[in-house]
Novice: 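Here it is, the structure, as structure tokens.
Lettering follows sequence order; numbering is per chain, from 1. Since the model is a prediction, treat every value here as computed from it, not as a measurement.
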Amino acid sequence: MPELPEVETIRRTLAPVLVGRRILAAALLRRDVLIAPGDPRGGFSRQRGATRRDHPASDATRVRPARPVPVAPVDLLEGCTVTDVLRRGKQLAIVGAGPAGTPGRAREPSSRALVVQLGMTGALEALAPGAANGEHARRAGAADAASPHVHARWELEPARGRPGTMVFIDPRRFGCLRAVPTLADLDALWSSLGPDALEIDGPRLWEALRGSRRPVKAALLDQAVLAGVGNIYADEALFRAGVPPRKLAARLGPRRAADLAAAVRGVLAEAVEARGSTLRDYRDAAGRAGEFQSRHAVYGRGGEACTRCGGVLRSAVVAQRTTVWCPRCQR
DNA sequence: CTGGTCTCCTGATCGC
DNA sequence: TGCGATCAGGAGACCA
């Protein structure tokens, strides 16, 4: 489940593959994965019932369209040269210039972006030539371009020693792609997110928490409050800061908010260093697993011993999420 | 406006 | 061996 460290790891492994290269062709294999400009969907989730309308067949026969669905090619950056791969919170933006020679804009190729939200099981993977041809990938965990869960595919301008194909894979389809026509639109989209969690400081976190009567864990998971934290790193940060997940955000106080901000930064930075946590699906753009999962202190360890005090870790649902904490160390 | 609940989706796992 | 139930959860829609 990609949270900030996993998305940042994908960004770092993807940028060297993409930046400076032109996207020769892009194909969308499942329409409802893309949010195009003008789409009434404000957010990132697919329209209610859209799947059923697009695929009236029963579940048993509902399969991915055999051919790409029609879409404005430039929405998927076809013809553009990638200039940057950005991240805010859990969202990635692949920034492209061009395509060159757009009518009416003779001189400067305009910049646009494709924003990728990975959701639960989403991944962007750069494929080695063999895998891109649909052959079964040798490397364990590597994507297969023929997988029914590949929803979009990009062919890149050839470059020596670099993968020539990128795919968007997402079995659960909680993720999606969003076509963003200008950089101003990208700013507008990202202005609805809170500050990036990797750079959160005490005063800013306290400012965001002090007016909230929610449990502090619910506030941490709110991307408008803080961008990038999901269930795993929320629990880890709360443990490090010694804050009980159900404590009301507004009652934290500025000092403990500063402790929590430092814990959020610390755990995320360490996780980035370890290239993220792989529980099941997550891989970076080269298909490699992360290693931070072996260092989780509380996530997934309900009923086991606290690494700090040896007591039994407690597990309960907080903010609609399974939550694990140490009742003795977090009070 | 706020916070809590529902919903989307597939695959892994478990009990029988 | 098969099969239904359960769980995982990011985040928008919806509702009190």
Side-chain angles (χ1 to χ4, degrees), chain A residues 1-7 10 30-35 39-55 57-64 87-92 115-123 141 143-144 147-151 168-178 189-190 192-194 197 208-236 245-251 276-283 293 296 299-303 315-324:
Chain A
M1 40 219 73
E3 301 180 32
L4 187 152
E6 292 76 34
V7 177
I10 290 173
R30 186 180 266 280
R31 174 196 284 278
D32 59 1
V33 158
L34 177 73
I35 299 174
D39 195 303
R41 290 173 286 182
F44 274 88
S45 71
R46 287 185 313 286
Q47 199 166 26
R48 260 184 159 59
T51 300
R52 209 161 300 140
R53 220 173 304 133
D54 289 351
H55 305 278
S58 71
D59 283 5
T61 57
R62 196 173 68 197
V63 295
R64 161 170 82 107
R87 181 192 58 76
R88 174 83 173 261
K90 306 176 194 174
Q91 297 183 19
L92 274 179
V115 170
V116 183
Q117 175 98 20
L118 295 171
M120 280 287 296
T121 54
D144 181 343
S147 159
H149 301 309
V150 170
H151 306 311
F168 173 62
I169 313 165
D170 188 10
R172 298 272 287 279
R173 306 212 303 277
F174 281 13
C176 65
L177 309 172
R178 187 184 186 95
L189 182 70
W190 280 2
S192 65
L193 296 175
L209 297 183
R210 64 184 303 174
S212 170
R213 260 168 271 120
R214 283 185 287 181
V216 62
K217 172 156 179 182
L220 287 182
L221 293 175
D222 185 342
Q223 301 301 297
V225 168
L226 186 63
V229 175
N231 201 38
I232 296 173
Y233 298 105
D235 279 9
E236 295 298 318
R246 290 187 286 200
K247 187 174 182 67
L248 294 190
R251 302 214 173 174
S277 302
T278 295
L279 299 181
R280 181 171 305 157
D281 303 285
Y282 164 73
R283 306 276 156 174
Q293 64 279 6
H296 293 168
Y299 180 84
R301 299 193 61 241
S315 181
V317 173
V318 179
Q320 291 76 244
R321 297 284 179 273
T322 300
T323 300
V324 182

Novice: Whole angstrom is fine here: how far is it from CG in L118(A) over to P in dC9(B)?
Specialist: 19 Å
Novice: Just call it for Q223(A): base, sugar-phosphate, or nothing, with non-hydrogen atoms closer than 4.0 Å on any strand.
Specialist: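 Sugar-phosphate, backbone atoms only, no base.
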Novice: Indicate whether OP1 or OP2 belonging to dA8(C) is found under 4.0 Å from a side-chain N or O atom of T322(A).
Specialist: yes
Novice: Output the single nucleotide from dT5(B), dA8(C), dG10(C) whose closest atom is nearest the side chain of Y299(A).
Specialist: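 The closest nucleotide is dA8(C).
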Novice: For A227(A) and L193(A), which heavy atoms make the closest approach, and how far apart are they?
Specialist: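 For A227(A) versus L193(A), the nearest heavy atoms are CB-CB, 4.1 Å.
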Novice: With rounding to the nearest 0.5 Å, note down the distance linking CD in Q223(A) to CD in Q91(A).
Specialist: 8.0 Å
Novice: Measure from CG on L279(A) to P on dA8(C) and round the result to the nearest Å.
Specialist: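 Roughly 12 Å, once rounded to whole Å.
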Novice: I need the CG-C1' distance between L193(A) and dA11(C), as an integer number of Å.
Specialist: 11 Å
Novice: Rounded to the Å, how far apart are R280(A) CZ and dT13(B) C1'?
Specialist: 8 Å
Novice: Can you tell which of dA11(C), dG4(B), dG3(B) lies closest to the side chain of S212(A)?
Specialist: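 Within the option list, the nearest is dG3(B).
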Novice: For R214(A) and D222(A), work out which heavy atoms get closest and say how close.
Specialist: NH2-OD2, 2.8 Å
Novice: Report the distance from atom CD of E6(A) to atom P of dA8(C), rounded to the nearest whole Å.
Specialist: 18 Å
Novice: With a 4.5 Å heavy-atom cut-off, do L189(A) and V115(A) have their side chains touching?
Specialist: yes
Novice: D222(A) has an atom CG; how far is it from atom P of dA11(C), in whole Å?
Specialist: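 So the CG-P distance, D222(A) to dA11(C), works out to 10 Å.
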Novice: Please check if the side chain of Q293(A) supplies one atom and the backbone of T278(A) the other of a donor-acceptor pair under 3.5 Å.
Specialist: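 Yes, the answer is positive, given that a donor and an acceptor are paired below the 3.5 Å cut-off.
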Novice: For dA8(C), take OP1 and OP2 only and decide whether either is under 4.0 Å from a side-chain N or O of R321(A).
Specialist: no
Novice: Between dC8(B) atom P and R173(A) atom CZ, what is the distance in whole Å?
Specialist: 12 Å
Novice: Between R214(A) and D281(A), who's closer to the 5' end of DNA chain B by nearest nucleotide?
Specialist: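 By nearest-heavy-atom nucleotide position, the 5'-most residue is R214(A).
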Novice: Can you tell me how far P of dG12(C) sits from CD of Q117(A), to the nearest Å?
Specialist: 7 Å
Novice: According to a strict under-4.0 Å criterion, is H149(A) in side-chain N/O contact with OP1 or OP2 of dC9(B)?
Specialist: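 Answer no for this pair, as no side-chain N or O of H149(A) is under 4.0 Å from OP1 or OP2.
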Novice: Phosphate oxygens OP1/OP2 of dG3(B): is one of them under 4.0 Å from a side-chain N or O of R213(A)?
Specialist: no
